[in-house]
S.K.: 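Before I ask anything, let me first share the structure, which is written out below as structure tokens.
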Amino acid sequence: MRSMLANTLIDTLVTGLPFAPAFLGIFLVLRIRADFDLTVEGSFALGAAVTAVTLVAGVPAWLAVAAGVVSGALAGLVTALLNLLLRIPVLMAGLIMSMGLFTVTLRTLGRPTVSLIGEETIFAGVAATPGRAADLGTSAVLLGIVVVVFAAVVAFLTSELGLALRASGANPRMARGQGVNDNALLVLSLMLANGLSALSGGLVAQVQGFADVNMSFGLFVAGAGAVLLGALLVNPGGSQVMRMAVAVLVGCLLYRLVLVCALRFGLPAGDLRGVTALTLLLAIAAQAHLAPVLARYRVGSLAPEATRV
């Protein structure tokens, strides 16, 4: 029993941590900008494809990951330009980009799937260790990456520019009245969100040993469900950016835990999308009905919201 629990937790970390940056990017657009950007699905697969292709070409692993991040950020830039120049809503622009990026990703890969078996990935140093030690080493590397990425995003959101970004999402008219360039912040937020999604794609490709053109299907729905679930449990409020980041990480790992447990209980892999949909449904329902109740018992809820940092 103890061994099964340990294996479940390790599998959750190995499969869940690579998705954390993408879910953080979804959070930035969904909860801070109060918008929907489906480009993140295409950016995830594109980042994986660029990372895989450059790895196979002999580029060092970290440079390959960086190239994938840049490709995702550029995809976010195009989505922003579609919105600003052609006046296409972000939701529709993201949908168009997600569809278009499927072709771009397929062209980048050259075929539906590119294997990374035998390539020098960022996990090469720990992958050679026997048994579960390899998974533990992979989890440690992933955790280090996630901590650095989340800390960087939290530091950004608490900076002057980050505060302007959050203000533009909360009240665009007021932010513009204070001299904030809302258009520039839209570009920045979409590039950041899609860069984070592409980073996740590159990490997932290296963990699972291949990049596939269909690997990002349903990512936005899964990320939205994880964000809602994490926000319900951690219950971030006001300007507590660190708690927001923790909520995303908790939601991500809980979402992957649900999928890992479903597989361990014998559920066919083809049914996992149904589990994802059910998780999202439950998260939305819980947000609507349980969040107001839990808010009363939030730690520090007696202090005025404006005094929290």
Side-chain angles (χ1 to χ4, degrees), residues 10-26 39-76 97-98 101-128 134-135 137-146 148-149 193-220 222-223 226 252-253 255-256 259-260 269 272-273 276:
I10 293 173
D11 288 343
T12 299
L13 292 175
V14 172
T15 61
L17 287 174
F19 285 92
F23 288 4
L24 182 60
I26 292 172
T39 314
V40 293
E41 291 199 1
S43 297
F44 182 91
L46 179 62
V50 171
T51 300
V53 169
T54 50
L55 270 174
V56 172
V59 175
W62 288 108
L63 289 179
V65 172
V69 172
V70 171
S71 70
L74 291 176
M97 282 297 296
S98 180
L101 285 175
F102 180 89
T103 299
V104 175
T105 300
L106 186 57
R107 288 289 187 179
T108 301
L109 290 172
R111 52 188 183 275
T113 303
V114 169
S115 174
L116 294 179
I117 302 300
E119 300 296 334
E120 193 74 13
T121 69
I122 60 176
F123 307 108
V126 297
D135 290 335
T138 300
S139 298
V141 174
L142 287 170
L143 184 60
I145 295 172
V146 168
V148 170
V149 170
N194 284 279
L196 289 170
S197 182
L199 170 61
S200 279
L203 294 177
V204 170
Q206 293 179 83
V207 168
Q208 66 187 15
F210 66 91
D212 186 84
V213 69
N214 293 306
M215 63 189 298
S216 63
F217 182 76
L219 177 73
F220 185 86
C252 175
L253 294 179
Y255 162 72
R256 296 305 302 183
L259 297 186
V260 169
L272 291 184
R273 299 210 182 276
T276 298

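We're numbering straight along the sequence, starting at 1.
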S.K.: Quick one: pull up CG in Leu199 and CD1 in Ile145 and give me the separation to the nearest 0.5 Å.
M.R.: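 Reported value, rounded in 0.5 Å steps: 7.0 Å.
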
S.K.: How long is the straight-line distance from OG1 of Thr15 back to CD1 of Ile10, given to the nearest 0.5 Å?
M.R.: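 Ile10 CD1 to Thr15 OG1: 11.5 Å, rounded to 0.5 Å.
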
S.K.: Counting N and O atoms only, with roles assigned by atom type, does the side chain of Thr39 sit under 3.5 Å from a partner on the main chain of Ser98, one being a donor and the other an acceptor?
M.R.: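 Answer holds: no.
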
S.K.: What are the two closest heavy atoms between Ser216 and Ala45, and how far apart are they?
M.R.: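 Where Ser216 meets Ala45 most closely, the heavy atoms are OG-CB, 3.6 Å.
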
S.K.: Output, in order, the C-alpha distance, side-chain angles, deciding distance and verdict of side chain to side chain contact (heavy atoms under 4.5 Å, CB included) for Val53 and Val59.
M.R.: CA-CA 9 Å; Val53 169; Val59 175; over 6 Å; no

S.K.: Could you walk me through whether Tyr255 and Phe23 satisfy the side chain to side chain contact (heavy atoms under 4.5 Å, CB included) test, starting with their C-alpha distance in whole Å, then the side-chain angles of each, then the deciding distance to 0.1 Å, before giving a yes or no?
M.R.: CA-CA 11 Å; Tyr255 162 72; Phe23 288 4; 4.0 Å; yes

S.K.: Can you find a heavy atom in the side chain of Leu203 that is under 4.5 Å from one in the side chain of Thr51?
M.R.: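 Leu203 does not reach Thr51 side chain to side chain.
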
S.K.: Might you point out which heavy atoms bring Val56 and Ser115 nearest each other, and give the distance in Å?
M.R.: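 Distance-wise, the nearest heavy atoms are CG2-O, 4.0 Å.
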
S.K.: Whether the side chain of Asn194 engages the backbone of Val40 through a donor-acceptor N/O pair (distance < 3.5 Å, no angle test) should be reported.
M.R.: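 Answer holds: yes.
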
S.K.: If you draw a 6.0 Å radius around CZ in Phe102, do more than 12 non-hydrogen atoms from other residues or ligands fall strictly inside?
M.R.: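 It does: Phe102 CZ has more than 12 such atoms within range.
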
S.K.: Who pairs with Leu13 by side-chain contact (heavy atoms from CB on, under 4.5 Å), at least two apart in sequence or on another chain?
M.R.: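 Leu13 satisfies side-chain contact (heavy atoms from CB on, under 4.5 Å) with Leu17, Ser139, Leu253 only.
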
S.K.: What's the separation between atom CD in Glu41 and atom CD1 in Ile26, rounded to the nearest 0.5 Å?
M.R.: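 Separation between the atoms: 7.5 Å.
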
S.K.: Which heavy atom in Ala198 sits nearest to a heavy atom in Gly72, and how many Å separate them?
M.R.: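 Distance-wise, the nearest heavy atoms are CB-CA, 3.7 Å.
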
S.K.: So how far is it from Leu74 CG to Ser43 OG, rounded to the nearest 0.5 Å?
M.R.: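 Rounded to the nearest 0.5 Å, the CG-OG separation comes to 9.5 Å.
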
S.K.: Which atoms form the tightest heavy-atom contact between Ala211 and Ala205, and what is the distance?
M.R.: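 Nearest pair, atom of Ala211 first, then Ala205: CB-CB, 4.1 Å.
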
S.K.: Any chance you could measure Thr121, atom OG1, to Trp62, atom CH2, to the nearest 0.5 Å?
M.R.: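 Spacing of OG1 (Thr121) from CH2 (Trp62) equals 10.0 Å.
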
S.K.: Would you name the heavy atoms of Ala20 and Ser200 that are closest together and state the gap between them?
M.R.: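 Ala20 and Ser200 have their closest heavy atoms at N-OG, 4.2 Å.
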
S.K.: Do Val149 and Leu196 make a side-chain contact, defined as non-hydrogen atoms from C-beta onward lying under 4.5 Å apart?
M.R.: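 Yes. Closest side-chain heavy atoms under 4.5 Å.
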
S.K.: What pair of heavy atoms forms the shortest contact from Gln206 to Ala61, and how long is it?
M.R.: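 For Gln206 versus Ala61, the nearest heavy atoms are OE1-CB, 4.1 Å.
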
S.K.: Find the distance between CG (Leu46) and CG (Leu106) and round it off to the nearest 0.5 Å.
M.R.: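 One finds 12.0 Å between CG of Leu46 and CG of Leu106.
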
